[in-house]
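If you read the sequence from its start, that first residue is 1, and numbering goes on from there.
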Amino acid sequence: MKFACVVLANGSSKRFGTDKATYQHEGKTMVEHTIDRVKAQTLKIDKIYINRNEPIDGLDYELSPDDSDYRSFGPLSGILGAFITAVSNEYDYVFTVPCDSFVFPDDLFERMYNDLKSSETSVVFPMYNDQQHCTFGIWNVFPELPSKLRRFLRSMNRYTIRIFTGNQGIPKNFLDLTDVYPSDPFININTLEDINNL
């Protein structure tokens, strides 16, 4: 099995006020913190990509850019880039993680992969205290995946990852981790206050 991870790092960061991906926290950018968490996963990932249209200075990782025709759809633009990268490089699974939520645990990918296999579904998202975190996902890769997302983005006026899976008939499962971790491991950093409170 071949596993890829794509770090979603192409957002507009409007609420944060500056590019979140390159913001320095404790000597590292948010992207670097996220990559460290991916590298620490108990189930090893073959290759890490960064969803970015331009390289980040000092980071020698292959890019997984947005499709140039679909760059204004929020996280789904990055998800589409991840699908294209995964299909073109013949990965079996792609793990997507946002760069602005980098305190996720070391065994997250393994737990999600095991749930994907046992539930015989096509994608698994984590959930904590009834909140779904769909930018974290492990996707079973198949050739039609990019075209399904392109078709969805062309035809809909509301764009969320959860609606996409339902609209395109992609079986999904939500893995409830509330009783596994003592505190929420999916803290999303939207403001400078958020990151200062870590």
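- Atom CE of residue Met127 and atom CZ of residue Phe174 lie 7.5 Å apart, to the nearest 0.5 angstrom.
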Check your understanding: Checking side-chain contact (heavy atoms from CB on, under 4.5 Å) for the pair Val94/Val6: CA distance, chi angles, key distance, verdict?
Key -> CA-CA 7 Å; Val94 60; Val6 176; 3.9 Å; yes
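- Between the Ser64 side chain and the Gly81 main chain, a donor and an acceptor come within less than 3.5 Å of each other.
- More than 12 non-hydrogen atoms from other residues, nucleotides or ligands lie less than 6.0 angstrom from CD of Gln24.
- To the nearest 0.5 Å, atoms CG (Asp66) and CG (Asn51) are separated by 5.0 Å.
- Atom CG of residue Leu8 and atom SG of residue Cys99 lie 8.0 Å apart, to the nearest 0.5 angstrom.
- Tracing side-chain contacts under 4.5 Å through hydrophobic residues (I, L, V, M, F, W, Y), one never reaches Tyr93 starting from Leu80; they form parts of separate clusters.
- Distance alone, capped at 3.5 Å, is enough to place a donor-acceptor pair between the Lys20 side chain and the Ile189 backbone.
- Ile84 and Phe142 fall within a single hydrophobic cluster, where Ile, Leu, Val, Met, Phe, Trp and Tyr are joined by side-chain heavy atoms under 4.5 Å apart, directly or via other members.
- Across all non-hydrogen atoms, the minimal contact from Ser101 to Pro185 is OG-O, 4.4 Å.
- Distance NE2/His33 to OH/Tyr23: 10.5 Å, rounded to 0.5 Å.
- Shown here for Asp184 and Ile187, the closest heavy-atom pair between the two residues is O-CG1, 3.5 Å.
- At distances below 3.5 Å, not a single donor-acceptor pair connects side-chain atoms of Thr178 with backbone N or O atoms of Tyr128.
- With a 6.0 Å radius and a threshold of 12 heavy atoms from other residues, nucleotides or ligands, Arg162 has its CZ atom at or below the threshold.
- Both Met1 and Val38 belong to a common hydrophobic cluster when Ile, Leu, Val, Met, Phe, Trp and Tyr are linked at side-chain heavy-atom distances under 4.5 angstrom.
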**Study point:** side-chain contact (heavy atoms from CB on, under 4.5 Å) between Leu149 and Gln168, intermediate numbers included
**Key:** CA-CA 8 Å; Leu149 183 46; Gln168 293 297 310; over 6 Å; no
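- For the atom pair CG of Leu153 and OH of Tyr159, the computed distance is 7.0 Å after rounding to the nearest 0.5 Å.
- Salt bridge present: Glu62 and Lys47 bring a charged side-chain N and a carboxylate O closer than 4.0 Å.
- The side-chain hydrogen bond (donor to acceptor under 3.5 Å, both in side chains) test applied to Arg111 returns Asp107, Tyr181, not counting sequence neighbours.
- Between Pro146 and the choices Ile79, Asp67, Val87, Thr85, the side chain to side chain contact (heavy atoms under 4.5 Å, CB included) rule is met once, by Val87.
- Looking at every heavy atom in both residues, Pro98 comes nearest to Thr34 through O-CG2, 3.7 Å.
- Here Lys2 does not pair with Asp46 in a salt bridge; the nearest charged N to carboxylate O distance is not below 4.0 Å.
- Counting heavy atoms from C-beta outward, Thr29 and Glu32 have side chains that approach closer than 4.5 Å.
- Between Asp100 and Asn188 the shortest side-chain heavy-atom distance falls below 4.5 Å.
- Placement of Leu145 and Ile163 within a single hydrophobic cluster is found when ILVMFWY residues are connected by side-chain heavy-atom separations under 4.5 Å, directly or transitively.
- For the pairing with Trp139, the ring pair (Phe, Tyr, Trp, His ring centres under 6.0 Å) check across Phe95, Tyr113, Phe125 returns one residue only, Phe125.
- Under a 3.5 Å cut-off, the side chain of Lys28 and the backbone N or O of His25 do not form any donor-acceptor pair.
- Leu43 has its side chain out of reach of Ile45: every pair of non-hydrogen atoms, C-beta onward, lies at least 4.5 Å apart.
- Of all heavy-atom pairs spanning Val123 and Leu116, the tightest one is N-CD1, 3.6 Å.
- Shown here for Val97 and Cys5, the closest heavy-atom pair between the two residues is CG2-SG, 3.9 Å.
- Of the inter-residue distances, the one linking Met112 atom CE with Leu177 atom CG reads 8.0 Å to the nearest 0.5 angstrom.
- The residues Asp69 and Arg154 are annotated as not salt-bridged, no charged nitrogen and carboxylate oxygen being separated by less than 4.0 angstrom.
- For Phe136, the ring pair (Phe, Tyr, Trp, His ring centres under 6.0 Å) partners at least two apart in sequence or on another chain are Phe104, Phe186.
- When all heavy atoms are compared, the tightest approach of Ile170 to Ser122 is CG2-CB, 3.7 Å.
- No donor-acceptor pair under 3.5 Å is formed between the side chain of Asn89 and the backbone N or O of Tyr91.
- Using a distance-only test at 3.5 Å, with no hydrogens or angles considered, a donor-acceptor pair links the side chain of Ser118 to the main chain of Asp115.
- Taking the side chain as every heavy atom from C-beta outward, Val31 and Thr22 never approach each other to under 4.5 Å.
- With a 6.0 Å radius and a threshold of 12 heavy atoms from other residues, nucleotides or ligands, Asn129 has its CG atom above the threshold.
- Thr42 and Glu110 are linked by a side-chain donor-acceptor pair at a separation below 3.5 angstrom, with hydrogens and angles left out of the test.
- Inspection of the Thr165 and Lys172 side chains reveals an N or O donor paired with an N or O acceptor under 3.5 Å.
- Partners of Phe152 under the ring pair (Phe, Tyr, Trp, His ring centres under 6.0 Å) rule, at least two apart in sequence or in another chain, are Phe164.
- Side chain of Ser147 to backbone of Glu144: a donor-acceptor contact under 3.5 angstrom is found.
- In the hydrophobic clustering of ILVMFWY residues, with side-chain heavy atoms under 4.5 Å counting as a link, Leu76 and Tyr49 come out together.
- Not one N or O on the side chain of Arg52 forms a donor-acceptor pair closer than 3.5 Å with the backbone of Asn10.
- Between Asp92 and Val141, every side-chain heavy-atom pair lies at or beyond the 4.5 Å cut-off.
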